[in-house]
Structure formats: C-alpha cells, structure tokens
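Have a look at the structure below before the remarks.
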Amino acid sequence: MKKLLVVAMILLSAEVSLAAEQPHLLQEMIAHDQAVSIPELARLGVMDAVQPLDRVAALSGETRIIEGVELSPSEIFSLEAALSKQVEEGFELKLPDEELPESDLPLTFNNKVEYFVRYFQTGGRKSFSKWLSRSERFIPMMCKVLKEKGLPEDLVYLAMIESGFYPHAYSVAAAVGPWQFMSGTGKRYSLRINSWIDERRDPLKSTVAAALYLKELYALFNNDWYLAAAGYNAGENKIMRAISRYNSRDFWELSKGSYLKRETKDYVPKLLAAAIIAKEPAKYGFADVAYLPPIEFDTVTVASRTDLELVAKICDVPYETIKGLNPELRRWTTPPDYPDYQLKIPKGKKSVFEAGYAAIPADKRFTEKIEYTRYRAKKRDTLVSIAKRFGTTTSTLEELNHLGKHRRLQGRTLTIPIMMSSAAESTAKASSKPAVTAKTEKTFNKYYTVKKGDTLASLARRFNVSASILSAWNNIRTKVALRPGKRIIVAKYVEKKGGMESAEDNG
C-alpha cells in the first residue's frame, strides 16, 4: 500500500510539472498546425479536470480569430478532431433508437455521427447556434441553385461545416468564402480572384461553382455522396488513392485506415450531424435560435467602374448595406476591368437605381481615392527614386513626412500616398523590390513533417504550390530525396489589415 502511495505521489508530481509548461507547448503545437493526439493532450495536462467535450470547447479554434476575421469550422475542429479518435479507440457510444429527419442526402446515425451531434449540443453549441442563425439568410438562395443543378438541396449543410455560412471566412490554408474554395479550384470554376474582387466570397457565384464541382465528384465516385463530400475536403485524387489502397468504395471502411487525414475522416460524420440537427433544431435543444431573415436583392448592370458610395446614395441606403450585399468586392468600387458588372442592391430598389444611375455621366460615377502605405527606406533610396516608384512627387513626400533640408532617409519609415485606381499596380511594383517592407504585414509559415514516401512533387500537388517554390522556401534541391521526420515549409501567409493572404498571391 505504501509503495502504491509513493508511485501515485510521483505521478502527481510529474503531472503538475507538465501542466506548468502546458500553455507554451500547446501554443507551439497550434502555431505549427501540428496534430495533437489524445496521449499528447493527456501529457500536457489538459485532459484531467474537465469532461472531454467541455475541454474541447476550451481548446476550440474559436479563440484563434485574427483581426476579427472568423476562422472556418474546419479550423475550429483542428484540436477537437484529435479527441474524436476516441470513437474508434473504444469510446463506444450507446446508439439510441433515433428517427432521422427526411433528407435528399442518405443520412446515417452511427457512433461517429452521434459524437458530433453531442459536440454541437455541448462544447460547440455557441458556434453551431451562430451557424444556425446565419443559415436562413443563405439557405433559400443556395438550395435554389443546388436544385437547378440537379443536386440534393441538403448539400447546403456542407457550406455550414465549411464556413458557418460566413462569406468572409478565411482558413489558414487560404481557403475562402462560404464554400471554402482554394484559389486554384475557384479559378477552375470561373471565379474571378484578384486585388479588386474575390468571387469565392460571393454566396451566389460560389454556390454555382460548388454545385459544378460536387456534381463532378459525384459522377467520379459512382454516385456516392459520402465519397464526393470526402473528395471535396481532401481532393479527388486523395480519395481515389485511398480506394485503390484499401480496395473499397465504402467511406466508413476507408475511414478505418491510416491513409486519410483525421479531418477527412471526420468530415462526413460532421456533415451528417449538422444536417440532422439543422433540419430539426428544436429536437436537439436549439429552439431559441434567432434566425436572420433570408437575403433578398435585385441585380443591376453597372456599365463601368462605379463607387459603391454612389450606389448607396442613389438607393438611399447606408454604404454598408451595398458592401454587405456584395462581399466579393474587396474595395470601395466595382472592378475596373469588369464591364457590365452585375451588382446586387436591396430588393425593390432596381427602378430607382437605374433611373438615377442613367442620369449621372460616366466620368462622374467614379472618383479617384488616395490610400496610404508605409515604406522603410534603404541605403540607396533617394526621395526621387521613392516618389518615382510609388507614382507620387518629392514635395508630397516631404510634406507628409515632415522632411527638412538635412534629412537622412535610410532606416526611416515613410508614409506613402497611393492613388487607389493604380494601387494594385503600385503595390505589385513595390513588392517586387526587396527594399520594400510593410509595417502592417507579418509573414506566417505553415509546416509539414515529411513522412515516408513523400516527394517534393507529391507535396507540391498536395499543398497546391509549385515544386520550385517548395524547394526555394526550404533550400532543398529538387532531385534530393526528402528525409522522413524533417519539418518543411509548405505554405506562407501574409497578415494584412484584418485577414490572411497567401504569400504567393502577394508576389
């Protein structure tokens, strides 16, 4: 008995010691997007005093909001997914005699699905309530598109688990919008993405693109919606390789293997759990959700670049109303290279707008605006060279930065005015010079630990980046074999005033 007591005291002491360093270690794991297993969580001392589902909520990615931009649900579950491994490792749930709601998707209720139903009711309740609240704003419009494309309307819940129906959702993997399209996939389905517009954020256009993609996946996987959804998450090639490796086309069988990522294994049960609850919210304890009204709008044709403030004035509504109806517009105006742009305005305002817009001369519909950026001067910079680079004058720079006669520029951070009509070109020109640094920008790296069989080419395909860029980021020669266990950079992101952008997209 005394020996047992001594052992217990030693174990308790070790646990207290580990718990003391837990915040630092856990923060480092999150920063590196590192998978955290149940044993690791236990070792860090975060699994002892709180029930699993409550602890999941405490570690939720909801706390990882950058500059007020919501993370997508796929990021929110980055740590919770590790806990769900218990379902496959003996964490058996008693299956109730559950009567499932009617659905045009095949619904299943097993222990994995019930796990996420319980999570949404407990640790994830706050987030799920928010998603439900937003859902009615977009579901009618999205369901109409899905129906027109001949797809099940309940696929709309895929947007729920991808983004929580948040048009500005931006994941650390640079997926954007309610359907969380990567840049390459979005462009494949004709979504425009540049410094003026990102149609991945357009609830209507992105739903059309998602419907086309899902239809292709459904055909590719022999009319199996579970495999199509898994392919939407992991990519069709990943699922095809899993089918080949395990010689099975059953999603649940593929989930038992180690080839698919935890996120993909949890994707389908998460989708099913979301659909089950959202179709009968009161039954699962969500009777008190305040739903936002459905989004309604008229579409008008804008012949040339037009200020959104002018549109708001003609429609007699706040500027924010017009901006909110057109989340794809990244600036204060319709795009300069997009004639006959289809702009959304409040429903019932079409005739008023068309009459008012026609009365305004084309050259009065757009006004040049000035934006300011920051630039740290380098050794060989002169006021003339800086003014030339940014398309301004030396006298303007002198006045803005209070520069006297005996000025020393090197190391000094200057305020630079940029005419917004040429802001994209000026920024691109400036970013091509190694001398330019933006004070408001920070670069973040995403890391990956090389596994046996990984090659530079396979990782380039997996992370949607060229092999040459991967080679440059990690100082690796393209023909050298990758050593398992080595941590390499697979993505770079730049933080810019309220959001994260791929470093590739920024030059």
**Asked** Does NZ or CZ of Arg125 come closer than 6.0 Å to the centre of the six-membered ring of Tyr119, within 45° of the ring's axis?
**Response** no

Quick check for you: to the nearest 0.5 Å, what is the distance between [X] atom [atom1] and [Y] atom [atom2]?
X: Asn326; Y: Thr299; atom1: CG; atom2: OG1; result: 8.5 Å
X: Thr321; Y: Tyr319; atom1: OG1; atom2: OH; result: 11.5 Å
X: Phe128; Y: Ile161; atom1: CZ; atom2: CD1; result: 10.0 Å
X: Trp225; Y: Leu217; atom1: CH2; atom2: CG; result: 8.0 Å
X: Leu343; Y: Phe297; atom1: CG; atom2: CZ; result: 10.5 Å
X: Tyr291; Y: Glu136; atom1: OH; atom2: CD; result: 6.5 Å

Side-chain donor-acceptor contact under 3.5 Å, [X] with [Y]:
X: Thr207; Y: Trp179; answer: yes
X: Gln342; Y: Thr301; answer: yes
X: Asp381; Y: Gln410; answer: no
X: Arg389; Y: Tyr375; answer: yes
X: Gln180; Y: Tyr232; answer: no
X: Arg374; Y: Thr415; answer: yes

Exercise: identify the closest heavy-atom pair between [X] and [Y]:
X: Pro294; Y: Pro140; result: CB-CG, 4.2 Å
X: Leu107; Y: Tyr226; result: C-OH, 3.7 Å
X: Ile277; Y: Val117; result: CD1-O, 3.9 Å
X: Arg412; Y: Asn401; result: NH2-O, 3.1 Å

**Item:** Full working for side chain to side chain donor-acceptor pair (under 3.5 Å) between Tyr448 and Arg462
**Value:** CA-CA 11 Å; Tyr448 170 79; Arg462 178 174 177 180; 3.1 Å; yes

**Electrostatic pair Lys344-Asp202, nearest N-O below 4.0 angstrom** = yes

**Prompt:** Less than 4.0 Å between a side-chain N and a carboxylate O, is that true for Arg330 and Glu199?
**Reply:** no

Measuring only between side-chain heavy atoms, which start at C-beta, is [X] closer than 4.5 Å to [Y]?
X: Asp307; Y: Arg365; result: no
X: Met160; Y: Ile139; result: no
X: Leu325; Y: Ile295; result: yes
X: Leu403; Y: Leu383; result: yes
X: Pro327; Y: Pro203; result: yes
X: Arg201; Y: Val176; result: yes
X: Arg305; Y: Pro335; result: no
X: Leu308; Y: Trp332; result: no

**Message:** For the aromatic rings, using the six-membered ring if either is Trp, is the centroid distance between Tyr338 and Tyr341 under 6.0 Å?
**Reply:** yes

Result block: side-chain N/O donor-acceptor pairs under 3.5 angstrom for residues 142-158, not counting sequence neighbours:
| unit_1 | atom_1 | unit_2 | atom_2 | d |
| --- | --- | --- | --- | --- |
| Asp154 | OD1 | Lys279 | NZ | 3.4 |
| Asp154 | OD2 | Ser103 | OG | 2.6 |
| Asp154 | OD2 | Asp104 | N | 3.4 |
| Asp154 | OD2 | Lys279 | NZ | 3.2 |

**Request:** Report the residue from Val352, Val300, Val302, Val311 that forms a side chain to side chain contact (heavy atoms under 4.5 Å, CB included) with Tyr357.
**Result:** Val302

Is a donor on one side and an acceptor on the other found under 3.5 Å between the side chain of [X] and the backbone of [Y]?
X: Thr333; Y: Thr306; answer: yes
X: Arg200; Y: Phe181; answer: yes
X: Lys323; Y: Leu329; answer: yes
X: Asp198; Y: Glu328; answer: no
X: Ser385; Y: Thr382; answer: yes

**Asked** Should we say atom CG of Asn194 is surrounded by more than 12 heavy atoms from elsewhere, each under 6.0 Å from it?
**Response** yes

